Amino acid sequence: MAYKTVRELNTDMDTVNRPGFRHTASAIAALAHIFGLTACILTLVWLLHYRGGLAYDSRSADLVFNCHPFFMLLGFVIVSGEAIMAYKTVRADKMTTKIVHMALHFVAICMGIVGINAAFKFHDMIKLEHMFSLHSWIGIVTFCLYGLQWLLGLCTFLFTGATRETKARLLPWHISGGRALLLMIICTALTGLSQKATSSTLTGNNESRLLKFTGFFVLLFGISIDIAIGFDRFRHVDPTT
């Protein structure tokens, strides 16, 4: 009876399981797109039907504030998630995928800047203190770390200045940091929706239920992305290509 070495067993496991893990990751990523699209639709219904629309230059403080959830949910949350999934959804060479990945993250940062500025403008219009809630604390920390993560990723993995050893050493931190930031983004979104429902005394009506469903699909969006990344990590990754 022939016994296989540990290396041979690991090779057999890679041959059998890894294609299946890649297919599973793709299927879960497809679900994430559905959850994200549903969250976008519910957010638009909430802002347009229940909140009267949005206008950044309006004299109405409420219309100005509505720009905050619009740019943060539809922009920062969804676009950042799509940037993470770019490695599963963009069928192109590795460099093109990296460019799309970084470009989507940059779009998310730009939309986040507009969304955060809308919240500060709203506070100024109604004479409300800035950074007074747990939501705002988590949000500003998350956004700053997100920008730092993007800058480090740009300098390390997109530009050619970093050595192969540096890329290999920083890749696990980059991936783990991205997943942690995704969870922080989802946490920020959920606390924001909860804070808005509480401040508006929304309980037991259709708008309250709509916000709950929106938060639920945002949560499913983040969870499905993280699971897809977890499965996809079983494939071979070469950070230098």
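Since this is a predicted model, take the numbers as computed values, not measurements.
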Engineer: What's the spacing between Arg51 CZ and Thr43 OG1 if we round to 0.5 Å?
Structural biologist: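 One finds 13.0 Å between CZ of Arg51 and OG1 of Thr43.
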Engineer: Starting from Leu181, can I reach Ile78 by hopping between I/L/V/M/F/W/Y residues whose side chains sit under 4.5 Å apart?
Structural biologist: yes
Engineer: Are more than 12 heavy atoms from other residues, nucleotides or ligands located less than 6.0 Å from atom OH of Tyr56?
Structural biologist: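 More than 12 within 6.0 Å, yes.
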Engineer: Could you please spell out the steps behind the side-chain contact (heavy atoms from CB on, under 4.5 Å) verdict for Leu44 and Leu74?
Structural biologist: CA-CA 9 Å; Leu44 287 174; Leu74 275 69; 3.9 Å; yes
Engineer: Do Trp150 side-chain atoms and Met102 backbone N/O form a donor-acceptor pair below 3.5 Å?
Structural biologist: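 Yes; at least one donor-acceptor contact below 3.5 Å.
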Engineer: Would you name the heavy atoms of Ile84 and Gly178 that are closest together and state the gap between them?
Structural biologist: CD1-O, 4.2 Å
Engineer: Does the side-chain contact (heavy atoms from CB on, under 4.5 Å) test come out yes or no for Leu220 and Leu31, once each step is laid out?
Structural biologist: CA-CA 9 Å; Leu220 289 178; Leu31 280 177; over 6 Å; no
Engineer: If Ile, Leu, Val, Met, Phe, Trp and Tyr residues are connected whenever their side-chain heavy atoms lie under 4.5 Å apart, and connections chain through other members, are Val107 and Ile225 in the same group?
Structural biologist: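 Per the 4.5 Å side-chain linkage, Val107 and Ile225 are co-clustered.
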Engineer: In Å, rounded to the nearest 0.5 Å, how long is the span from CZ of Phe71 to SG of Cys110?
Structural biologist: 11.0 Å
Engineer: Can you classify the ring geometry of His123 versus His130 as parallel (below 30°), tilted (30 to 60°) or perpendicular (above 60°)?
Structural biologist: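 Rings of His123 and His130: tilted, as their planes differ by 30° to 60°.
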Engineer: Quick check: closest heavy atoms across Asn66 and Gly53, and the distance to 0.1 Å?
Structural biologist: ND2-O, 2.6 Å
Engineer: Testing the basics here: between Leu211 and Ala197, what is the closest heavy-atom pair and its distance to 0.1 Å?
Structural biologist: CD1-CB, 3.9 Å
Engineer: Decide side-chain contact (heavy atoms from CB on, under 4.5 Å) for Asn206 and Leu210; before the verdict, give the C-alpha distance in whole Å, the side-chain angles of both, and the deciding distance to 0.1 Å.
Structural biologist: CA-CA 6 Å; Asn206 290 334; Leu210 178 64; over 6 Å; no
Engineer: Measure across Leu170 and Phe157 and return the closest heavy-atom pair with its distance rounded to 0.1 Å.
Structural biologist: C-CZ, 4.0 Å
Engineer: Would you check if the side chain of Gln149 reaches a backbone N or O of His174 as a donor-acceptor pair within less than 3.5 Å?
Structural biologist: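 Yes: the side chain of Gln149 pairs with the backbone of His174.
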Engineer: Would you kindly confirm whether Met131 and Ile126 end up in one hydrophobic cluster when ILVMFWY residues are joined by side chain heavy atoms under 4.5 Å apart?
Structural biologist: no
Engineer: Got a second to check how far Lys98's NZ is from Leu154's CG, nearest 0.5 Å?
Structural biologist: 11.5 Å
Engineer: I'd like to know if Met72 and Leu48 are part of one continuous hydrophobic network [Ile/Leu/Val/Met/Phe/Trp/Tyr, side-chain heavy atoms within less than 4.5 Å].
Structural biologist: yes
Engineer: Are Leu37 and Leu219 co-members of a hydrophobic cluster defined by side-chain heavy atoms under 4.5 Å apart?
Structural biologist: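 Hydrophobic grouping puts Leu219 with Leu37.
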Engineer: Any idea which heavy atoms bring Met85 and Ala32 closest together, and the distance?
Structural biologist: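 Where Met85 meets Ala32 most closely, the heavy atoms are SD-CB, 3.6 Å.
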Engineer: When rounded to the nearest 0.5 angstrom, what distance separates CG in Asn117 from NE2 in His68?
Structural biologist: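 Spacing of CG (Asn117) from NE2 (His68) equals 11.0 Å.
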Engineer: Looking at Val77, is its backbone amide N or carbonyl O close enough to the side chain of Ser80 to form a donor-acceptor pair, meaning the two atoms are under 3.5 Å apart?
Structural biologist: yes
Engineer: Do Pro172 and Ile175 have side chains that approach each other closer than 4.5 Å (heavy atoms only, starting at C-beta)?
Structural biologist: no
Engineer: Under 3.5 Å, which donor-acceptor pairs do the side chains of residues 182-192 form with other protein atoms, sequence neighbours left out?
Structural biologist:
from	atom 1	to	atom 2	distance (Å)
Thr188	OG1	Met184	O	2.8
Thr191	OG1	His135	ND1	3.3
Thr191	OG1	Cys187	O	3.0
Thr191	OG1	Thr188	O	2.9

Engineer: Can a donor-acceptor pair be found, under 3.5 Å and without considering hydrogens, that links the side chain of Ser224 to the backbone of Phe221?
Structural biologist: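 Yes, the answer is positive, given that a donor and an acceptor are paired below the 3.5 Å cut-off.
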Engineer: For the residue pair Lys196 and Ser199, what are the closest heavy atoms and their distance?
Structural biologist: O-OG, 3.1 Å
Engineer: Cys67 pairs by side-chain contact (heavy atoms from CB on, under 4.5 Å) with which of Asp57, Leu54, Leu47?
Structural biologist: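 The passing option is Leu54.
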Engineer: Parallel, tilted or perpendicular, judged at 30° and 60°: which one describes the rings of His105 and Tyr146?
Structural biologist: perpendicular
Engineer: State which residue, out of Phe70, Phe143, Phe106, fulfils the ring pair (Phe, Tyr, Trp, His ring centres under 6.0 Å) condition with Phe76.
Structural biologist: Phe143
Engineer: To the nearest 0.5 Å, tell me how far Thr214 OG1 sits from Ile41 CD1.
Structural biologist: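 Between atom OG1 of Thr214 and atom CD1 of Ile41 there are 10.5 Å.
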Engineer: Just wondering, are more than 12 heavy atoms of other shown residues or ligands nearer than 6.0 Å to CZ in Phe213?
Structural biologist: no
Engineer: As a quick check of understanding, evaluate side-chain contact (heavy atoms from CB on, under 4.5 Å) for Leu42 and Lys212, giving each step before the final call.
Structural biologist: CA-CA 10 Å; Leu42 293 178; Lys212 289 183 177 68; over 6 Å; no
Engineer: Atom OG1 in Thr166, atom CG in Leu171: separation rounded to 0.5 Å?
Structural biologist: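 That separation rounds to 12.0 Å.
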